[in-house]
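Reading through the structure tokens given below for one structure.
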There are 2 protein chains.
Amino acid sequence: MSVTLADVARATGLSASTVSRALSDPDKVNAKTRERIRKAAREMGYVPNPAARTLTSGSNDVIGLIVPDIANPFFPPIIKAVQARATVKGKTVLIADVDEHPADEIQRAQVMRKRVDGLIVVSPRTPEERLQELMALEPVVFVNRQVPTAASVIIDNADGMREAVEHLAALGHPKICYLNGPRRSWSNSQRQRAVQQACADQGVELVEFGPFEPQIQAGVRAADLVSASKITAVIAYDDMIALGLMARLNERGIRIGPDISVIGIDDSPMSGMAYPTLTSIHVPGSEAGAAAVDMVLELAAGSEAATTRHVQLETRLIVRGSTSPAPARAE
Amino acid sequence: MSVTLADVARATGLSASTVSRALSDPDKVNAKTRERIRKAAREMGYVPNPAARTLTSGSNDVIGLIVPDIANPFFPPIIKAVQARATVKGKTVLIADVDEHPADEIQRAQVMRKRVDGLIVVSPRTPEERLQELMALEPVVFVNRQVPTAASVIIDNADGMREAVEHLAALGHPKICYLNGPRRSWSNSQRQRAVQQACADQGVELVEFGPFEPQIQAGVRAADLVSASKITAVIAYDDMIALGLMARLNERGIRIGPDISVIGIDDSPMSGMAYPTLTSIHVPGSEAGAAAVDMVLELAAGSEAATTRHVQLETRLIVRGSTSPAPARAE
DNA sequence: CTACAATTTGCAATCGGTTGTTGCAATAGC
DNA sequence: GCTATTGCAACAACCGATTGCAAATTGTAG
């Protein structure tokens, strides 16, 4: 059906092995024949069959990417970065969306494994005790979750959180509320710890609600909890929750900014578009994606050094319209 | 490294061919041996090598999906639907995001072709004259673009558009504005035609701006054009543009609803979360995705009947907070 | 008990490449 | 001028599964 190596060999009067070498290991073939072969291959429209190549070489030139939810705007930038970086390296990307479902995460990973040279798992929801099953599928790189015995790209929320709390404290908010993300989420435990620390350091009172799923609806629910408790400043686990919160508060006539300040996390493209625009902690998703690709390829190439490497990226606060000075005390 | 067919054969004392048959063509093998083989395979953790299978059978069990921009919330539901449907059918999905870049569309499709059994191209931006190159990669199913000589799942915007114009007319808007999407977009030409038709039918005056890229920033730009021209009702090419428009109008103190009504298209998850919530034309992306999977698999299976089939889906208006009665005439 | 049919299993070729090894020829060295 | 060396290309085995065909086994009828 399509042009094979053998066809090119026949056309040039050479053997398949020579053609193969001319294309993939150029030094082993005479310069003149090499060019002749390449020209013929190009003209005939020869494209190597990846399946056949995989069979012998053992490598797929594909990397697998598992994300909890493509619809959450935090992930598309990561996905794009992974694709871009992978393309540069001559790899393609197999994406799986597991709809925030921990069990699917492992299963999809296992199914994928045979088709890819390595796996990148973003914000894994897999519980600690089953993490082994994921790691067994090596090479695996975790993004947004620290696993001491595995390679990972992690995002240190401490700086961003500290900036956020300082920002609110500076605006005169004596008490702030943190809306927790999913119970199992490593990110959430990290963010929670960071906000607790920062509040303690700044002498700001902290209350917490949640856990909430990283979805708009959860934010909507959170809104009524928040408004019932006379809080003037909220930091949400992520932008989704923050946006849902704002939507509901808007609806109830509570003014974001003047009445209540809101800070999201992720700095997703949506944050600039909300009303008012959302102050958010920027999380370098693109950088994380690109770094993860590099790591997983290193691992796939057999680098021992990378097996437990941890790349750490930093966060910072982006101030927009959703944070304002604390309203004057009502009484 | 991993368990192969030969390993299972050795363990059971049978030949590889028998093992192969026991697993894939059960009737050709004695019931007793079949069970013995299956048990052994399961215990040994045998998983067939997809590359080897592809080589002989010619089928990859993978379908390719090309979308213009994952970050546009219109696409994730489609992607999810495609993945879900594909999984049910025992296929995996290879996704490519082409960043709205027509040239990439063809290139990525070509690269993918050898790894997949069929291609689904959503909202193709490829110009008419190069469409051949895409169709050559058959089987290909187009979503959201009608191509007479190829299979496609198209979404008829006429109904939704008519409802939108009727809705605005009923609210007393004498003149509405349509913000065009990308020049090359088939969707846009269809929507444009539909809105022109609907306005003519309803006796509503129509002005048009654009083209605009389906991005928030474009909507922001559009806002100033719109506000400069005393328009009280806008229908945007998609929700992204509508949301950008609203963000900017909000910022400028123009009240969405009372001062100006806005209708988006796509009914993306964001529309319920904007402020105010965005009236939008619902486009059945999930249904389209699932239908496309079924079509492409039929084509891959060699069905002649499906080669130029066109599935047509309908749209309808979802009214939310961004549309209100026309403001009383200023003078 | 033989003969023949039906069922079950094994052999071997094949898919399209990759790669270690060998054969041959041209060049260098003495 | 003859052998040692190097360079180039061909041969053949192999990756892991599938599949047509032949062989072997079992069953059945005469």
Side-chain angles (χ1 to χ4, degrees), chain A residues 1-42 44-62 90 111 113-117 300-301, chain B residues 1-42 44-62 90 111 113-117 300-301:
Chain A
M1 151 183 99
S2 73
V3 188
T4 75
L5 199 58
D7 295 330
V8 179
R10 207 171 307 120
T12 54
L14 292 163
S15 76
S17 37
T18 306
V19 176
S20 168
R21 275 189 261 262
L23 268 27
S24 48
D25 200 355
D27 298 335
K28 302 219 149 195
V29 142
N30 182 295
K32 217 156 30 179
T33 35
R34 189 204 312 152
E35 285 319 310
R36 188 156 61 91
I37 291 172
R38 295 205 150 160
K39 181 156 166 286
R42 207 176 319 119
M44 300 174 69
Y46 167 72
V47 182
N49 179 322
R53 182 174 267 171
T54 295
L55 204 51
T56 45
S57 69
S59 120
N60 296 83
D61 290 345
V62 177
V111 171
R113 185 60 192 88
K114 291 254 172 175
R115 304 184 179 278
V116 302
D117 299 330
Chain B
M1 153 183 99
S2 75
V3 188
T4 76
L5 198 58
D7 294 330
V8 179
R10 207 170 309 120
T12 53
L14 293 162
S15 77
S17 33
T18 307
V19 176
S20 170
R21 277 188 267 262
L23 266 27
S24 48
D25 200 356
D27 297 336
K28 301 219 144 196
V29 118
N30 182 296
K32 221 158 19 179
T33 33
R34 188 202 312 150
E35 284 320 310
R36 189 156 61 91
I37 291 172
R38 296 205 147 159
K39 181 156 165 287
R42 205 175 321 118
M44 299 174 68
Y46 168 71
V47 181
N49 180 324
R53 182 174 269 170
T54 295
L55 204 51
T56 44
S57 70
S59 119
N60 295 82
D61 290 345
V62 178
V111 171
R113 185 60 193 89
K114 291 250 171 175
R115 303 183 180 280
V116 303
D117 299 331

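In the text below, chain A, chain B and the rest are named by the order of the sequence lines, each starting its count at 1.
Each of B:Asn30 and B:Lys114 was assigned the nucleotide of DNA chain C with the nearest heavy atom; the assignment lying further toward the 5' end belongs to B:Asn30.
With hydrogens and angles ignored, a donor-acceptor pair under 3.5 angstrom links the side chain of B:Ser17 to the base of C:dC11.
Regarding A:Leu5, its CG atom lies at a distance of 12 Å from the P atom of D:dA10, rounded to whole Å. When rounded to the nearest whole Å, the span between CG of B:Leu55 and C1' of C:dG17 equals 8 Å. Between the CD atom of B:Glu35 and the C1' atom of C:dT8 there is a distance of 16 Å, given to the nearest Å. For the pair A:Leu14 CG and C:dG17 C1', the interatomic distance rounds to 16 Å; values are reported in whole Å. Between B:Arg21 atom CZ and D:dC21 atom P the separation is 12 Å, expressed in whole Å. Note: CG (B:Asn60) to C1' (C:dG16) measures 13 Å, nearest angstrom. Atom CZ of B:Arg53 is separated from atom P of D:dG16 by 15 Å (rounded to the nearest Å). To the nearest angstrom, P of C:dT9 lies 10 Å from NZ of B:Lys32.
Phosphate proximity of D:dA10 to A:Thr18: present, with a side-chain N or O under 4.0 Å from OP1 or OP2. In terms of phosphate contacts, B:Ser15 brings a side-chain nitrogen or oxygen within less than 4.0 Å of OP1 or OP2 of C:dG10. For the OP1/OP2 pair of C:dT9 and a distance below 4.0 Å, the side-chain nitrogens and oxygens of B:Thr33 include at least one atom meeting the criterion. Listed pair A:Tyr46 / C:dG16 fails the phosphate criterion, with no side-chain N or O lying under 4.0 Å from OP1 or OP2.
For B:Ser20, whose side chain is taken as the heavy atoms from C-beta onward, the closest listed nucleotide among C:dT19, D:dT18, D:dA10 is D:dT18.
To the nearest 0.5 Å, the span separating CG on A:Asp61 from CZ on A:Arg53 amounts to 6.5 Å.
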A:Ser17/A:Ser20 under side-chain hydrogen bond (donor to acceptor under 3.5 Å, both in side chains): CA gap, chis, key distance, verdict: CA-CA 5 Å; A:Ser17 37; A:Ser20 168; over 6 Å; no
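Using modelled atom types, one side-chain atom of B:Asn60 and one backbone atom of B:Arg115 make a donor-acceptor pair closer than 3.5 Å.
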